Amino acid sequence: GLPVVVIELKAPGSAQASVAAAFNQLQTYKQDIAQLFHTNALLIASDGLTARVGSISADFERFMPWRTTDGTAIAPKGAPELATLIEGVLAPRRLLDLVRDFTVFGQTPSGLVKILAGYHQFHAVKKAVEQTLRAMPPARIAQEDPAEYGLPSARTQRAGDRRVGVIWHTQGSGKSLLMAFYAGLLVKHPALENPTIVVITDRNDLDDQLFATFSMCRDLIRQTPIQAESREDLQKVLSRASGGVIFTTLQKFGELEGPLTLRRNVVVIADEAHRSQYGFKAKVDAQTGDVSYGFAKYLRDALPNASFIGFTGTPIEADDVNTPAVFGHYIDVYDISRAVEDGATVPIYYESRLARIELPEEEKPKDDKAEGAKTEAKAPVAAVNGARTMRYTILKDGTLTVDGQAWAFTVIPDRVPEIAFDGIPKKTVASALEISFIAKDDYGLQDAHAEIVPVEEAKDARPLYPLPEYRLDLPRRAARDANG
C-alpha cells in the first residue's frame, strides 16, 4: 500500500527518548529516504507517552497533540497521549477526512507548506456542519421575525431557525483556517445543493486577511472566492442562482427595497461575531425623529432565508448585546487555557500600569463630593517635620486632595505599584509610592515631591484594594499653613 503516515516511536525507558528526538529522526528520514514521503499525509512523533502530529513541512512547534477521539471527551493535560492520538487520527474514516477535507497548502517566504487541521478545528467543523443542516430552512418556510431569538443550546434549537450557532475559539487558534475548512465541507455537501457562502467582517483589513486565507484554500473550497467592492457589486454577486464564496463588510448592508436573494441554501459566516452584529430593535433619534436599526436587521432583511454562524474569541452575553442570542448557542468552545496547554498559543500575562495624565484646569472636578467621584481611599496623614496633621483623598481622575485642597499628581513610572481606582482589583502594593504634584492652593509651590508610605511598618506586601491607610510625608514648606 501507499505510505500515508510515518510514525517514529522512541523507547520510553531510554534517557534520550523524547518527542523532540523522534521529530529529529523523522527529519533524518526525509533526507535519507525521501521516496518514503512522496505520498505522505502526516507524521507522528512519540516517546510512548507524549505524542504529536504534524505535516511533512511543519517545524517542531507546529507538531500538536490530538486530545480527543470523538470531539466530546478531551483527555486531561498530562494523561498518556499516544493511544488517544492513534485512535483519534488513524481511524480510517477520520484519516481519510483529514486528507481530503482538512489539509491545505500555502505559499510562505520559505516556500510551499502543508497545513493540517488541529483536533479542535476538525471536530468544530464537523459539529458546525451538523448544526448548519439543522438550521437551514426547509424548501418551503414562512419567514419569521428576526428579533424573536431565545437562548437554547445549539443541539436543542428547533430545525429551520436559521441560527447555526457560535464557535468560540480563542485568538490565535486558527479561526481563519477553521472557517475555510468549514466552507470546504459545506460546498461539497449534497444536502446544501451548491450553497452560496457569504463571509462577513466589520473592517476592511479583516476582510482582506480572510480573503487571502480563502484564496490560498481555493482547491479546498473548489472555487475562487469573490470580494465585493461596493454595495452595488454585492447586490450583483448575490443575484446568482447558486454557488459562490463571497466576501463583504457588514457596512455594505443597509436599508434595501427588497431582499438580495430568497434562496435558502445561503450560509453567512460572521467573523468577530461579538462586534457589530446587533440591532434588531428600532432606535429613534431624539432630535430628528429618524428611526434606524442595527446591521443585524439589515443583514437578515437582505438574506431572509439564509443561515447564520458566528466565529469569535470573545463572545458577549449582556442584556442588549448577546452573541448566542443572535447566532444560536455554542457549537464548540476552545478557550485560551486549552490553547495554552496544547501549545496552539502562548500564555498571556497582564501587567497593570497607571497612566501619566495631567488634566487641563477646566477639566478638573470642582466638587470632590460629586456622585461616584471618589473611591473609599480615605486615611489620616501623620504629622511630619513639625507640620500639622492632614487628611488626603485619592480621586478616580488622578487627583490628590489634602484637607479638601486638590493637588494634581502623576506617578513616577519606575515606582508604580499595583494600584486600583474605580474598584479594578490589582495585585499588591509596593513599599512606597513616590509622587510629584503641583500645588493648586495657597501653599504657592510648584513641582513639590512627596512619598505616600503605608502606615503599617510591615515589610510584606498587601492587597491595595480597598486602599490601606497611608502616611503622607510632605516637604516642610509644602505642608505649612497660615499658622506656620
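Quick caveat, the model's predicted, so the values are computed rather than measured.
- Residue Val5 forms a side chain to side chain contact (heavy atoms under 4.5 Å, CB included) with just one option from Ile44, Leu43, Leu98, and that option is Ile44.
- His189 places no side-chain N or O within 3.5 Å of a backbone atom of Val129 that could act as its donor or acceptor partner.
- Note that CD of Glu272 and OG1 of Thr314 are 6.0 Å apart. Values are rounded to the nearest 0.5 Å.
- With hydrogens and angles ignored, the 3.5 Å screen pairs a side-chain donor or acceptor of Thr68 with a backbone N or O of Ala73.
- For the residue pair Ala21 and Ser18, the shortest heavy atom distance occurs at N-OG, 3.0 Å.
- Looking at Lys77 and Asp342, no side-chain N of the basic residue comes within less than 4.0 Å of a carboxylate O on the acidic one, giving no salt bridge.
- Here CZ of Phe122 is found 5.5 Å from CH2 of Trp66. Values are rounded to the nearest 0.5 Å.
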Can you check side chain to side chain contact (heavy atoms under 4.5 Å, CB included) on Ile221 and Phe214, steps first, answer last? CA-CA 8 Å; Ile221 61 177; Phe214 274 66; 4.2 Å; yes
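- At least one donor-acceptor pair closer than 3.5 Å links the side chain of Gln27 to the backbone N or O of Phe23.
- More than 12 heavy atoms of other residues, nucleotides or ligands sit less than 6.0 Å from atom CD of Gln107.
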Applying side chain to side chain contact (heavy atoms under 4.5 Å, CB included), run through Ile200 and Ile269 and close with a yes or a no. CA-CA 6 Å; Ile200 300 287; Ile269 298 175; over 6 Å; no
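- For the pair Phe211 and Ile226, the minimum side-chain heavy-atom distance is 4.5 Å or more.
- Here the side chain of Arg62 pairs no donor or acceptor atom with the backbone of Ser55 at under 3.5 angstrom.
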Q: Output, in order, the C-alpha distance, side-chain angles, deciding distance and verdict of side chain to side chain contact (heavy atoms under 4.5 Å, CB included) for Lys10 and Gln25.
A: CA-CA 10 Å; Lys10 293 297 181 183; Gln25 188 67 53; 3.6 Å; yes
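- For Thr170 against Ala339, the heavy-atom pair with the smallest separation is CG2-CB, 3.6 Å.
- Using a 4.5 Å heavy-atom threshold, the side chains of Ile167 and Thr312 count as separate.
- For Phe327 and Phe308, the gap between ring centers reaches or exceeds 6.0 Å.
- Minimum heavy-atom separation, Val237 to Ile246: O-CD1, 3.6 Å.
- Side chain of Asp47 to backbone of Pro12: no donor-acceptor contact under 3.5 angstrom is found.
- To the nearest 0.5 Å, atoms CG (Asn204) and OG1 (Thr248) are separated by 9.5 Å.
- Note that CG of Asn194 is 7.0 Å distant from CD of Gln223, once rounded to the nearest 0.5 Å.
- With hydrogens and angles left out, the side-chain atoms of Gln227 and Asp207 include a donor and acceptor closer than 3.5 Å.
- Arg94 has no carboxylate O lying under 4.0 Å from a charged side-chain N of Glu87, or vice versa, which leaves the two without a salt bridge.
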Carefully, step by step, assess Ile115 and Cys217 under the rule side chain to side chain contact (heavy atoms under 4.5 Å, CB included). CA-CA 10 Å; Ile115 303 171; Cys217 302; over 6 Å; no
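- For the pair Leu9 and Ile7, the minimum side-chain heavy-atom distance is below 4.5 Å.
- A donor atom on one side chain and an acceptor atom on the other are not found under 3.5 Å apart for His274 and Thr323.
- Remark: the Tyr182 side chain and the Gln121 side chain contain no N/O donor-acceptor pair separated by less than 3.5 Å.
- Inspection of the His169 and Asp332 side chains reveals an N or O donor paired with an N or O acceptor under 3.5 Å.
- In this structure, Arg52 contributes its side chain and Met64 its backbone to no donor-acceptor pair below 3.5 Å.
- Asp271 contributes atom CG, which lies 11.5 Å from atom CD1 of Ile309 (distance to the nearest 0.5 angstrom).
- Using a cut-off of 4.0 Å between Lys/Arg side-chain N and Asp/Glu carboxylate O, Arg67 and Glu341 are scored as salt-bridged.
- Side-chain atoms of Asp101 and Phe181, non-hydrogen and from C-beta on, never get closer than 4.5 Å to each other.
- Atom CD of Gln235 and atom CZ of Phe253 lie 9.5 Å apart (nearest 0.5 Å).
- Among residue pairs with one or both ends in residues 231-254, none qualify as salt bridge (charged side-chain N to carboxylate O under 4.0 Å, His left out); sequence neighbours excluded.
- A donor atom on one side chain and an acceptor atom on the other are found under 3.5 Å apart for Arg263 and Thr196.
- Side-chain N or O atoms of Thr50 include none that pairs as donor or acceptor with a backbone N or O of Ser46 at under 3.5 Å.
- A salt bridge links Asp97 and Arg100; the closest N-O separation between the charged side-chain nitrogens and carboxylate oxygens is under 4.0 Å.
- Side-chain atoms of Tyr278 and Val326, non-hydrogen and from C-beta on, do get closer than 4.5 Å to each other.
- Using modelled atom types, no side-chain atom of Arg134 and backbone atom of Arg162 make a donor-acceptor pair closer than 3.5 Å.
- By the 4.5 Å heavy-atom criterion applied to side chains, Lys114 and Phe105 are counted as neighbours.
- Annotation: side chain of Val164 is in contact with side chain of Ser307 (closest heavy-atom distance under 4.5 Å).
- Using a 4.5 Å heavy-atom cutoff, the side chains of Val198 and Val266 are in contact.
- Annotation: Arg275, atom CZ; neighbour count of heavy atoms from other residues, nucleotides and ligands within 6.0 Å is above 12.
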